[in-house]
Amino acid sequence: MAERRKWKWEEHAAELNEVERLKLKKDGLDVIQDIYRWAKSGYESIPEEDFVRLKWAGIYQQRPKDGHFMMRVRIPSGLLNSRQVRVLAELARDYGRGLIDVTTRQSVQYHWLRIEHIPDMFRRLEEVELHPYEACGDCPRNIVGNPLAGIDPHELIDTRPIVEELERTFLLNREFSNLPRKYKISVSSNVYNATNAQIHDLAFTPAVKEIDGKEAVGFHVWVGGGLSSRPHMAKQLDMFVLPEQVVEVAVGVTRLFRDYGYRKKRHRSRLKFLVADWGAEKFLEVLETYIGPYPSRGKDRLIGWNAGYFTGVHPQKQKGYFYVGLNVPMGRTSAEEFFRLADLVDEYGSGSLRTVNTQNLIIPDVPEERLDDLLAEPLLQRLSPYPKPFVGHAVSCTGIQFCNLALTETKALMRRVVEYLDEQVELDIPIRLHINGCPNSCGQQQIADIGLMGGKMKTSDGMIEAYTVSVGGHLGKGATFNTPLKGRVPADRVAPVLKELILFYKEHREPEEPFW
Ligand code: SF4
């Protein structure tokens, strides 16, 4: 086991929550080496307390707890090359019963893994510079970025080098492997807020400021956003950051969270609670003790919110080239589809595939003259660039099929609901539907036009799966989380209830009035 540094909160060890005490006993990252041993000695040999630490290796126990695991693989800014896509496909085929899920943080997830599979997966992922490490756990998770970085007509600068530098700085860095709770960073220079800045612990969004008589392009900084059962919108700090300063600021904010973040009550440990208590001004004052003073805020360049939807065919900033946004229904794809995607991006594009935080995919760099042939490929029938409106705007968490925290099923229900709505409702604008199988928020239901949160409901026939319906969430101007409606809807009534709700909106809306 690597030698561990002493942290200042160790003086109060008796007051720390149980997970904090486990982290003090052994750092989460130490579990990566242990896995090689357990792969030989078997599932039964894993000590109970190490199941918590497995998250630092990107692994959770799958439901039911019978020896199978889920693995999440980080994909910074959603950027993949075809070699990586093939390896992801091979691992799903060899170990994950062919399933690949795209997540709301641009990662991919496998299911059905056994502990003896994991070392080979680590090795094969590392060979193509992909990592499951710290994709889960109390550490900096996958860095979400503009999925169009470098090709985006609506970005001020290409953020790929910044995300790469952040990844190099944070990944497997033991200075940051024991944070109070999970920690999510986003970086984007897209003026339509492609990364949902307000729901991140730390976010960088496009801004400009006059410095020495010239307009400098850089970022504004947001801290303390997050969803889960108590969602908070991030607050903007009064500072302007140049591209080359992003890493310094991110390290400063992360050190501050590490040192001051709450560690007594686990449900109050996210950065959002510290920011809510301190306010943006005090937060900045303390941050300056880590990174020194920065210039005050410049001019915000966010001009709207695209909600992370890129389906269809769109011109890139490189003349004559297009990107094709593909819908992945409910974020679920397969080894077979990933193999084919790897071939398609080599054949039609530049060998690059991108994952999107709406659980979708993008094929970039397609020359205009190859578009028709790509669009005629059979795979694009299912992963369609032109999906029906409801299926094309649906997001679903993992749910009870694999998740130990779930109260309800999600992906199959969402599929039934959107197929029904696509048949029954005609509308001239898309309605975004998100579903979570519990009060956590992997499906980000609070930012949806219509969010569904799974729970249980007592009936004369016993407990059944039911959903709280919330309406009106968005991250555009006047960003707000959605508002829960009274009562819960049984699973088998969700589709007709949503139909009524949407038809009511259709009938009563003012011209141009959005759903939110
Ligand atoms: Fe599991 Fe709840 Fe997250 Fe869904 S939202 S994946 S049910 S923890």
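As the structure lists them, so they are numbered: ligands from 1, and atoms in each ligand from 1.
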(request) Could you verify whether a donor N or O on one side chain and an acceptor N or O on the other, from Asp66 and His68, lie under 3.5 Å apart? (result) yes
(message) Do Ser177 and Asp27 pair up side chain to side chain, a donor and an acceptor below 3.5 Å, judged on atom types alone?
(response) yes
(request) Report the residues that fulfil salt bridge (Lys or Arg N to Asp or Glu O under 4.0 Å) with Arg114, sequence neighbours left out, ordered by chain and then residue number. (result) Glu116
(request) Salt-bridge test for Asp120 and Arg124: reply yes if a basic N is under 4.0 Å from a carboxylate O, no otherwise. (result) yes
(request) Return yes if a side-chain donor-acceptor contact under 3.5 Å exists between Gln109 and Tyr60, otherwise no. (result) no
(request) Can you list, by chain and residue number, the protein N, O or S atoms under 2.8 Å from atom 3 (Fe) of ligand 1? (result) Cys442 SG
(message) Are Tyr420 and Phe390, when compared by the centres of their aromatic rings, separated by less than 6.0 Å?
(response) no
